[in-house]
Amino acid sequence: MKKDFIIHEYFKKVLDDMTILVQIDTKQLKGTEIIIYPSGEKEITAREFDEDIMDDLAHDGFEKGSPLEFNLYLQGLVE
């Protein structure tokens with residue numbers, strides 16, 4: 001029996017007033033966005049993306065992110 005594996009890609013953008021981390025399942029075009037504010041407050045949002053998401057992220061200045069960093073914030077292990 002063949003299993004389908006989900007491989008996520010991670011992206012990051014640092015702004016003066018927030019850091020945005022994005023996790024994308026490139027097959028299903030679903031993922032999670034974490035916005036981290038300087039105060040330590042976080043917003044975590046489930047997202048659905050369109051087929052142009054990779055171009056949009058590049059255009060908006062996102063860089064490749066770290067799976068470890070994303071998951072540490074997602075699990076609340078860092079602030």
Side-chain angles (χ1 to χ4, degrees):
M1 175 182 275
K2 182 182 173 191
K3 287 190 171 189
D4 287 332
F5 291 96
I6 297 173
I7 298 175
H8 293 106
E9 289 196 40
Y10 297 85
F11 298 90
K12 179 179 182 175
K13 184 171 183 179
V14 178
L15 303 166
D16 290 338
D17 59 343
M18 71 181 76
T19 298
I20 305 169
L21 304 173
V22 181
Q23 175 194 61
I24 301 173
D25 170 350
T26 56
K27 278 189 162 186
Q28 297 182 1
L29 296 175
K30 294 182 180 185
T32 304
E33 176 184 77
I34 302 173
I35 300 175
I36 306 151
Y37 298 98
S39 66
E41 181 181 344
K42 291 185 297 189
E43 292 179 22
I44 300 173
T45 307
R47 301 280 310 266
E48 291 192 25
F49 304 103
D50 63 25
E51 58 277 347
D52 296 325
I53 185 58
M54 299 310 222
D55 292 334
D56 294 343
L57 290 170
H59 179 266
D60 291 341
F62 279 79
E63 297 179 355
K64 287 285 186 180
S66 162
L68 177 60
E69 179 182 25
F70 182 91
N71 284 289
L72 287 172
Y73 277 106
L74 184 64
Q75 299 301 318
L77 298 174
V78 292
E79 297 203 14

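We count residues from 1, following the sequence as given. These numbers come from a predicted model, not from an experiment.
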Could you give the distance from [atom1] ([X]) to [atom2] ([Y]), rounded to the nearest 0.5 Å?
X: Thr26; Y: Phe49; atom1: OG1; atom2: CZ; result: 11.0 Å
X: Arg47; Y: Asp25; atom1: CZ; atom2: CG; result: 14.5 Å
X: Leu74; Y: Ile44; atom1: CG; atom2: CD1; result: 5.0 Å
X: Leu21; Y: Tyr73; atom1: CG; atom2: OH; result: 7.0 Å
X: Ile34; Y: Asn71; atom1: CD1; atom2: CG; result: 7.5 Å

Would you kindly confirm whether Leu72 and Ile20 end up in one hydrophobic cluster when ILVMFWY residues are joined by side chain heavy atoms under 4.5 Å apart?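 Each belongs to a different hydrophobic cluster.
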Linking I/L/V/M/F/W/Y whenever their side-chain heavy atoms sit closer than 4.5 Å, directly or via other members, would Phe70 and Phe11 fall into one cluster?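 No.
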In sequence, state the C-alpha distance, the side-chain angles, and the governing distance for Glu43 and Glu33, and then conclude on side-chain contact (heavy atoms from CB on, under 4.5 Å). CA-CA 8 Å; Glu43 292 179 22; Glu33 176 184 77; over 6 Å; no
Full working for side-chain contact (heavy atoms from CB on, under 4.5 Å) between Ile24 and Leu57: CA-CA 11 Å; Ile24 301 173; Leu57 290 170; 3.5 Å; yes
Applying side-chain hydrogen bond (donor to acceptor under 3.5 Å, both in side chains) between Tyr10 and each of Glu63, Lys64, Glu69, Gln23, report the one that passes.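 That would be Gln23.
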With a sphere of 6.0 Å drawn around [atom1] of [X], does it hold more than 12 non-hydrogen atoms of other residues, nucleotides or ligands?
X: Lys42; atom1: NZ; value: yes
X: Ile7; atom1: CD1; value: no
X: Lys13; atom1: NZ; value: yes

Is there a donor-acceptor contact under 3.5 Å from the side chain of Asp50 to the main chain of Asp52?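 Yes, the answer is positive, given that a donor and an acceptor are paired below the 3.5 Å cut-off.
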Could you please spell out the steps behind the side-chain contact (heavy atoms from CB on, under 4.5 Å) verdict for Ile6 and His8? CA-CA 6 Å; Ile6 297 173; His8 293 106; 3.5 Å; yes
Can you see which heavy atom on Val14 is nearest to which on Lys12, and at what distance?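 Looks like CG2-CE, 3.6 Å.
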